[in-house]
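Heads up: the structure comes next, in structure tokens.
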Amino acid sequence: MGRIITIGEPMVMFIANEEGPLEEVYNFTKALAGSEVNVAIGLARLGHKVSYITHLGDDPFGKYIYKFLVNENIDVSYIKFDNEYPTGFQLKSKTRIGDPEVVYFRKWSAASHIQENDLKEINFDDVNHIHLTGIPPALSLSFRKTIYNIVEKAKTKNILISFDPNIRKQLWKSEEEMRSILNDIAFRCDIVLPGYEERKILTGYNELNDIASFYLEKGTKIVIIKTGEKGAFVKTPTEEYTVSGFKVEQIVDTVGAGDGFAVGVISGLLENLSLREAVKRGNAIGARVIMFPGDNDGLPNRKNLEKFIMTHSI
Ligand code: CKP
Ligand code: MG
């Protein structure tokens, strides 16, 4: 099945137990957040070998995250503890309508101090897939350079790279900078996975076909646009189609759906499923994730994935 590498910033997350503005909430549940770490967890639960690269503060948050990842069977040998900078954290509100409010406390975090030098120790020899997102390039210049460096390394070794632009406007200096960096990285990657809300901001286009062509014309090989409950739209230089979504009885929390989707696509491709079947699995995992309050607690093991596909197909 091969080995996967992903890199990012994990955070402790406090999920509000009560609805309403975050400043009025008294009770929170502690959990783990971070787009790339969610993907690592999902892939490991399906039995894949995943190495996760990050820096953690030498503090209780960092230790909690480290233990969480060890328990999930993720390779933590490239994780470094930093005794100068802390582990970041975030708050997430509880809501019945739309997306929850997310507030970060991550400026100057240990992970934002990741630098190109950190890649020197990494063994890329048996790596088949690298998954990246648009969050690390927003966190610091050194992390941005590290992402460019990993893309270059992957290219010289013919490793497939997937990229989820994951727009987080509050982390960028300007929308213009965000757009140009995220698209520049996307053009260098093999698979790009934009979200429905992200499409217009990144490409200026509204139509799925135009958005996909925007990336394909610049070198991306596969574009998969997530379209929420409608499923996903896929375009490659030779074909284009829609893959329908899954039934969701009750939306509990929308965060993490995109990461669940990436888990399905990546694991499917590594297991030699057709692209269509891999996207179908992505839709299933994304749908399951939003039925849970945390960002990764809905990521299934193999048995739960099979069960979900059987019971929730439309
Ligand atoms: O796009 P998604 O809802 O799948 O991403 C969720 C993650 O890393 C979440 O866990 C959060 O901590 C973050 O994205 C972020 O930095 O916003
Ligand atoms: Mg996303």
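Keep in mind the model is a prediction, meaning the values are calculated, not measured. One-based numbering, in listed order, for ligands and for the atoms of each. By convention here, the first residue in the shown sequence is residue 1.
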Side-chain donor-acceptor pair present, [X], [Y], cut-off under 3.5 Å:
X	Y	answer
S112	R106	no
N304	K307	no
S93	T95	no
N183	Y215	yes
K67	N71	no
T254	D99	yes

Is [X] touching ligand 1 with its side chain, its backbone, both, or neither, if touching means heavy atoms under 4.0 Å apart?
X	answer
N166	side chain
E9	neither
M13	neither
N296	neither
E197	neither

Would you mind checking which non-hydrogen protein atom is closest to [atom], with the distance to 0.1 Å?
atom	answer
atom 3 (O) of ligand 1	G256 N, 2.7 Å
atom 12 (O) of ligand 1	Q90 OE1, 2.7 Å
atom 14 (O) of ligand 1	R168 NH2, 2.9 Å

Under 4.0 Å from a heavy atom of [X]: give me the atoms of ligand 1 that qualify, with their elements.
X	answer
G34	8 (O), 9 (C), 10 (O), 11 (C), 12 (O)
R106	15 (C), 16 (O)
M11	12 (O), 16 (O)
D295	9 (C), 10 (O)
A33	10 (O), 12 (O)
I135	8 (O), 13 (C), 14 (O), 15 (C), 16 (O)

Inset, instruction - Name the orientation class of the two ring planes belonging to F214 and F187 (parallel below 30°, tilted from 30 to 60°, perpendicular beyond 60°). - result: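 It falls in the tilted class, 30° to 60°.
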Legend entry - N or O contact, S35 vs ligand 1, cut-off under 3.5 Å: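 Yes - when backbone and side-chain N and O of S35 are compared with those of ligand 1, one distance drops under 3.5 Å.
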Inset, instruction - Could you tell me whether G258 and ligand 1 have an N or O pair separated by under 3.5 Å? - result: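 G258 vs ligand 1: N/O contact under 3.5 Å present.
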Legend entry - Expected output: side-chain N283 to main-chain V243 donor-acceptor under 3.5 Å: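 Yes; judged by distance alone, with no hydrogens or angles, the pair exists.
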Legend entry - the Mg ion (ligand 2): protein N, O or S atoms [distance under 2.8 Å]: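 Correct list: N166 OD1.
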Inset, instruction - Treat each ILVMFWY residue as a node, draw an edge where side-chain heavy atoms are under 4.5 Å apart, and state whether F105 and F28 are in one component. - result: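 Same cluster: F105 reaches F28 through Ile, Leu, Val, Met, Phe, Trp or Tyr contacts under 4.5 Å.
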Inset, instruction - Could you list the residues that satisfy ring pair (Phe, Tyr, Trp, His ring centres under 6.0 Å) with F233, not counting sequence neighbours? - result: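 With sequence neighbours excluded, F233 shows a ring pair (Phe, Tyr, Trp, His ring centres under 6.0 Å) to no residue whatsoever.
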Inset, instruction - Examine R144 relative to Y148 and say whether NZ or CZ is less than 6.0 Å from the centre of the six-membered ring and inside a 45° cone about the ring axis. - result: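 No.
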Inset, instruction - Report the residue from R3, H129, E271 that forms a side chain to side chain donor-acceptor pair (under 3.5 Å) with H48. - result: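 Among R3, H129, E271, the one that satisfies the side chain to side chain donor-acceptor pair (under 3.5 Å) with H48 is E271.
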